[in-house]
Amino acid sequence: MSEIFEQTPGLVRIQVSAADTATAQEAVDRISQLWLSSAYPMKRTPGVGGVHIQVDADLRRSPEEGGVADLASSVDG
């Protein structure tokens with residue numbers, strides 16, 4: 001899947017790391033206000049602080065064309 005980002009101008013994959021789910025969700029929300037985007041479920045590594053989430057965005061498309069769902073309740077791990 002990463003090949004599509006390396007071969008298609010305008011597509012990016014953003015890795016978000018934050019201390020808590022609220023901060024990570026805010027980052028995802030702000031990304032979705034800029035570009036059409038989708039996010040994967042948040043991940044938490046047991047015994048390690050913080051959460052991580054990956055966001056795919058299409059810089060060629062505006063936020064009016066899409067966004068992301070509320071992901072704060074979908075923390076794995």
Side-chain angles (χ1 to χ4, degrees):
M1 179 67 166
S2 64
E3 299 86 31
I4 194 167
F5 294 94
E6 296 166 2
Q7 297 173 1
T8 308
L11 298 183
V12 297
R13 178 164 283 165
I14 303 163
Q15 302 290 334
V16 175
S17 297
D20 56 63
T21 57
T23 302
Q25 182 65 51
E26 179 69 21
V28 171
D29 290 346
R30 289 186 186 205
I31 291 167
S32 73
Q33 291 172 8
L34 297 171
W35 307 294
L36 178 66
S37 61
S38 61
Y40 295 82
M42 284 189 207
K43 302 284 184 184
R44 183 183 307 268
T45 303
V48 177
V51 295
H52 308 280
I53 189 166
Q54 180 173 289
V55 182
D56 294 340
D58 186 340
L59 306 183
R60 304 165 300 179
R61 299 177 71 185
S62 70
E64 290 80 27
E65 298 177 71
V68 296
D70 180 8
L71 302 169
S73 62
S74 60
V75 176
D76 293 342

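These numbers come from a predicted model, not from an experiment.
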Which atom of Thr21 lies closest to which atom of Met42, heavy atoms considered
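What the structure gives for the nearest pair is O-CE, 3.7 Å.
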
For Ile31 and Ala57 the tightest heavy-atom approach is CG2-CB, 4.5 Å

If we ignore angles and hydrogens, is there a donor and acceptor under 3.5 Å between the side chains of Gln25 and Asp29?
yes

Pairing residues for Asp58 by the salt bridge (Lys or Arg N to Asp or Glu O under 4.0 Å) criterion, not counting sequence neighbours
Arg60

Approximate separation, where rounding is to 0.5 Å, of Leu34 CG and Leu59 CG:
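Reported to 0.5 Å precision, the distance equals 9.5 Å.
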
Residue list, side chain to side chain contact (heavy atoms under 4.5 Å, CB included) with Ser17, at least two apart or on another chain
His52

Report the residues that fulfil side chain to side chain contact (heavy atoms under 4.5 Å, CB included) with Gln54, sequence neighbours left out, ordered by chain and then residue number.
Arg13, Gln15, Tyr40, Asp56

